[in-house]
Amino acid sequence: MATTSSSDYKDQGGDRSRSPLIPAAKKPAGELAEKLCIDEMLQKYCGEFGRWQLRHFMLTSMAWALEAFHTMVIIFADHEPEWRCLDGAAGWGCDPDAKSVCWFEPGSWEWIGNSTVTEWGLFCEDKFKVGLVQAAFFGGCMIGAGIFGHLSDSFLGRKGSLTVVCGLNAIFGTLTAFSPSFSFYILFRFLTGCSTGGAGLCAFVLATEPVGPSNRGTTGMCTFYFFSSGIAILSAIAYIFPTWQKLYIASSIPSLLFLLFILPFISESPRWYLVRGRKLEAMQIMTAIATTNGNHIPEGVGLTLDDDQSPQLPSLSALSCNMQEQVLAEVNSLKKSQHLEKLVADSTLLDSSKGPSCHVAVTGSLLDVIRSPMTRLRLILAVVINFLCSVVYYGLSLNVVNLGTNLYLTVILNAVAEMPAFMITAMLLDRWGRKPLTIATLWFSGAFCLAGSLVKNVGVWKGVRMICGILGIFGMAGTYNLLFIYMAELFPTVVRNAALGCATQAAQMGAILAPLVVVLGGSLPFIVFALCGIGGGFFAFYLPETLNQPLYDTLTGMEAKQNCVTSSIV
């Protein structure tokens, strides 16, 4: 950070009353010659996407497959299996051509297969309990997204939070298989949801933060191939382990394997290290990125936060830790500016040569997002759009006409059908920009949902409505995954996961309400989905474009940059 002495300040014609609080210290002999933000260092010296980022991305994104296991296992564990009438006199009163067993005499028929439905009699008048399990899981995801979104921004970090959620998923997923009653079953599904809610969130941010701005969008879109692949792999696992107890164990073991054999080879985010005041660790990771990519960071080049732009603040590197604490206390008592104490703390973080014990971490929370008018509006729009998108995405998934194949093949086809949406969105992401593509995919989905509501579900029109539903979910799958990238770029590192966690909570609320829309039947679900898709596109008009913009580290840096851009336009 540049410093200005009081004499120099006077010579330049400045007001003496506005001179720095602390006299400028002489530059230490070993002061860095060049200080860069992480995006600048990636572009200039490390490489935006090389061998290091590819390896890190592949390992981290495996967590998305684990999330798919714990989220979609309910499709197989809670499905209603086939049934058959008993032979001879025992099967009296049983009609093998009937669509339901609710009117048969008990003991005149039997199940063919094993699931929680057969374990606790979750059919006929108790069929609603299957929906309760799904609601409990997504309710847990909503809570977990908020908790781990905050923890990953604070002391746990991205990797630490991912470690915790994988461990909890392995524990709660395995315990679910030993549920002695339905009450324990729904409890363990809720607890699994609490941990699962943070898995994809932490994995996405951890995978994309070390990537340069020109490759970040495409990289972020590719993470969702792992989720779809996880659904397809789960279908194969369910085919091998048809009983629900073995299925829960088999789908939970991968979380333990990931925890033991993959996570040790994953690095923490250098952005998180930097905002937490651990500049040495952040620089070590940047050096490793450059070396692995075949590049080199010259001597004298170091990292800085993007809010290190204030000429009024002096360097504190020559002061002792005790003196720095006194300065911060004095600044706090003056209260001349809302952000002055944070800026002085940032100056200590960047310029102190006394070691990690003198570093002051730059922290933030959801309250900081709400206090800032800029990020408050972004958060409100993110919450609304994610909620509407989730209602359509999960609602269409439940409302799609059966493909006429067995359960396992149907799930695989549904998973594979989403992948072209990821590819097309990734190809257009850096050409069209985040905002236009978000609006286009939302309206694409909404238009086909509207078309589906206008046709009757009879005769040949059944096929037309099915195509409308598939194209609707095709567009919404692109939106649903694009939003992760867009939301990550709308908020700075210090509050990124907290804001994403809040948006994810809204999405989980939409997932909870989606089945209630589906049970309306007829054309009403398509009408609701159309309104959500088209309405979400209108809300997206109020979001700013983030194409080719840096990932900001702090709220101060983001606000300063945006104010500068606004001033230049005016």
Side-chain angles (χ1 to χ4, degrees), residues 68-86 91 93-142 169 172-194 196 231 234-235 237-252 394-395 397-400 402 406-408 410-411 414 508 511-521 525:
F69 290 171
H70 294 286
T71 302
M72 300 300 180
V73 67
I74 196 172
I75 297 176
F76 304 99
D78 294 352
H79 81 284
E80 187 172 306
E82 298 291 331
W83 56 271
R84 65 187 175 193
C85 295
L86 295 177
C94 178
D95 182 5
D97 297 324
K99 296 182 179 180
S100 174
V101 298
C102 296
W103 309 110
F104 297 163
E105 290 290 334
S108 62
W109 58 276
E110 64 180 0
W111 294 111
I112 307 174
N114 173 274
S115 72
T116 59
V117 172
T118 64
E119 183 77 17
W120 294 300
L122 309 181
F123 58 96
C124 295
E125 66 272 9
D126 288 332
K127 191 173 184 178
F128 73 96
K129 292 183 178 180
V130 174
L132 288 180
V133 176
Q134 182 179 5
F137 175 81
F138 284 114
C141 289
M142 182 176 64
N169 272 343
F172 293 137
T174 303
L175 288 176
T176 305
F178 299 97
S179 301
S181 65
F182 177 75
S183 299
F184 277 96
Y185 177 65
I186 198 171
L187 172 63
F188 287 134
R189 285 301 292 167
F190 170 78
L191 294 175
T192 305
C194 288
T196 302
I231 298 176
L234 176 65
S235 183
I237 295 175
Y239 183 80
I240 298 172
F241 301 98
T243 61
W244 70 272
Q245 296 95 336
K246 293 181 180 179
L247 176 58
Y248 270 112
I249 296 175
S251 61
S252 301
Y394 286 103
S397 298
L398 298 174
N399 202 50
V400 168
N402 198 311
N406 63 63
L407 178 64
Y408 308 102
T410 300
V411 172
N414 285 338
Q508 300 301 340
I512 294 173
L513 296 181
L516 302 180
V517 177
V518 173
V519 299
L520 295 174

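None of these values were measured; they are calculated from a predicted model.
- The distance from the CG atom of L247 to the OG atom of S252 is 8.5 Å, given to the nearest 0.5 Å.
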Q: Give the intermediate values and the outcome of side chain to side chain contact (heavy atoms under 4.5 Å, CB included) for residues S251 and L234.
A: CA-CA 7 Å; S251 61; L234 176 65; 4.3 Å; yes
Q: Could you give me the CA-CA distance, side-chain angles and deciding distance for Y248 and L175, then say whether side chain to side chain contact (heavy atoms under 4.5 Å, CB included) is met?
A: CA-CA 9 Å; Y248 270 112; L175 288 176; over 6 Å; no
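- A donor-acceptor pair under 3.5 Å is absent between the side-chain atoms of S179 and the main chain of S181, judged by distance alone.
- Put simply, OG1 on T176 and CD1 on I249 are 10.0 Å apart, with the number rounded to the nearest 0.5 Å.
- Between the side chain of T116 and the backbone N or O of A77 there is at least one donor-acceptor pair closer than 3.5 Å.
- Closest heavy-atom contact between V133 and R189: CG1-CG, 3.8 Å.
- Between F138 and Y394, a ring centre-to-centre spacing shorter than 6.0 Å is recorded.
- The two atoms that bring W109 and C94 nearest to each other are CB-SG, 4.0 Å, heavy atoms only.
- To the nearest 0.5 Å, the span separating CE on M72 from CD1 on I231 amounts to 4.0 Å.
- Pairing each heavy atom of A136 with each of F190, the nearest pair is O-CD1, 3.3 Å.
- Under the 4.5 Å side-chain criterion, counting only non-hydrogen atoms from C-beta, V117 is not in contact with H79.
- Annotation for F123: atom CZ counts as buried by contact number, over 12 foreign heavy atoms lying within 6.0 Å.
- For W244 and F76, the distance between ring centers is not under 6.0 angstrom.
- Checking side-chain atoms of S108 against main-chain N and O of F104 turns up no donor-acceptor pair under 3.5 Å.
- At a threshold of 4.5 Å between non-hydrogen side-chain atoms, the residues P81 and I112 do not count as touching.
- Once rounded to the nearest 0.5 Å, the distance linking CG of L191 with CZ of F137 reads 11.5 Å.
- Nearest heavy-atom pair across D126 and G121 is CB-O, 3.6 Å.
- A donor-acceptor pair under 3.5 Å is absent between the side-chain atoms of T71 and the main chain of A68, judged by distance alone.
- In terms of modelled atom types and a separation under 3.5 Å, the side chain of T192 and the main chain of N169 share no donor-acceptor contact.
- The two residues S183 and I186 have their closest heavy-atom pair at O-CG2, 3.1 Å.
- Between the T118 side chain and the N114 main chain, no donor and acceptor come within less than 3.5 Å of each other.
- Annotation: the span from F182 atom CZ to L132 atom CG amounts to 6.0 Å, rounded to 0.5 Å.
- To the nearest 0.5 Å, atom OH of residue Y185 and atom NZ of residue K129 are 13.5 Å apart.
- Not less than 2.5 angstrom separates the SG atom of C141 from that of C194.
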